[in-house]
**Student:** 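Dropping a structure here in structure tokens format, bear with me for questions.
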Amino acid sequence: MCSVEEVSDSFSLVRSPGLSDVAEYAYAARVDPSARLVFAAGACPLDSEGATVAVGDHVGQARQVMANLRVALRDAGAELGDVVKCTVYVVSQRQEDLVAVWEVVRDAFGEHEPPNTLLGVSVLGYDDQLVEVEAIAVGH
């Protein structure tokens with residue numbers, strides 16, 4: 001039988017005992033049909049002037065990305081704790097770079113463990129961009 005963790009009145013995280021517990025997140029989330037969904041565009045490692053920060057630094061860019069995601073979610077009426085699904089894009093062919101970015105993302109979520117997908121990609125949209133994170137959340 002699966003384990004369902006009620007995160008709020010709007011959604012629950014689902015943990016499947018038939019799947020490995022090695023993942024540092026829930027394998028699924030369930031959203032109440034009455035919830036207001038927030039779809040955040042991919043947060044990028046840009047400063048307020050639109051310049052890419054931490055050029056060449058996956059971890060530095062991941063920190064900026066998560067800060068920017070917090071702002072976008074807040075302005076849409078949600079928080080990181082309201083995220084029901086997240087996708088992390090990392091420009092790299094090295095698993096170590098993906099893991100380093102993942103550690104920043106995981107730490108930003110704290111105890112909240114929404115389903116996540118971590119991908120290594122060849123290029124992202126801005127000059128010198130190495131990291132992007134998009135999220136789906138429930139709004140307040």
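Computation of the quantities below employed the complete heavy-atom set of this structure, encompassing side-chain atoms and omitting hydrogens, waters and symmetry-equivalent molecules. Numbers here are sequence positions counted from 1. It should be emphasised that the depicted structure is a prediction, and the values quoted were computed from it without experimental measurement.
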**Student:** Working to the nearest 0.5 angstrom, can you tell me the gap between Asp82 CG and Arg36 CZ?
**Tutor:** 10.0 Å
**Student:** Could you give me the CA-CA distance, side-chain angles and deciding distance for Ser92 and His58, then say whether side-chain contact (heavy atoms from CB on, under 4.5 Å) is met?
**Tutor:** CA-CA 9 Å; Ser92 182; His58 286 90; 3.9 Å; yes
**Student:** Do Tyr27 and Ile136 land in one hydrophobic cluster if side-chain heavy atoms of ILVMFWY residues count as linked below 4.5 Å?
**Tutor:** no
**Student:** Within a 6.0 Å radius of atom CD on Glu6, are there more than 12 heavy atoms belonging to other residues, nucleotides or ligands?
**Tutor:** yes
**Student:** Rounded to the nearest 0.5 Å, what separates atom CG in Leu37 from atom NZ in Lys85?
**Tutor:** 14.0 Å
**Student:** Going by heavy atoms in the side chains, are Tyr89 and Leu118 under 4.5 Å from each other?
**Tutor:** no
**Student:** Could you please spell out the steps behind the salt bridge (Lys or Arg N to Asp or Glu O under 4.0 Å) verdict for Glu113 and Arg106?
**Tutor:** CA-CA 8 Å; Glu113 298 177 327; Arg106 181 197 60 213; over 6 Å; no
**Student:** Please tell me whether Val138 and Leu13 are part of a single hydrophobic cluster in this structure, the criterion being side-chain heavy atoms less than 4.5 Å apart.
**Tutor:** yes
**Student:** Would you say that more than 12 heavy atoms from the other residues, nucleotides or ligands in this model lie under 6.0 Å from the CG of Asp75, or not?
**Tutor:** yes
**Student:** Would you say that Leu80 contacts His112 through its side chain, given a criterion of any heavy-atom pair below 4.5 Å between the two side chains?
**Tutor:** no
**Student:** Once you round to the nearest 0.5 Å, how far does CG of Leu19 lie from CZ of Arg15?
**Tutor:** 12.0 Å
**Student:** How many angstroms lie between atom CD of Gln64 and atom CG of Leu46, to the nearest 0.5 angstrom?
**Tutor:** 8.0 Å
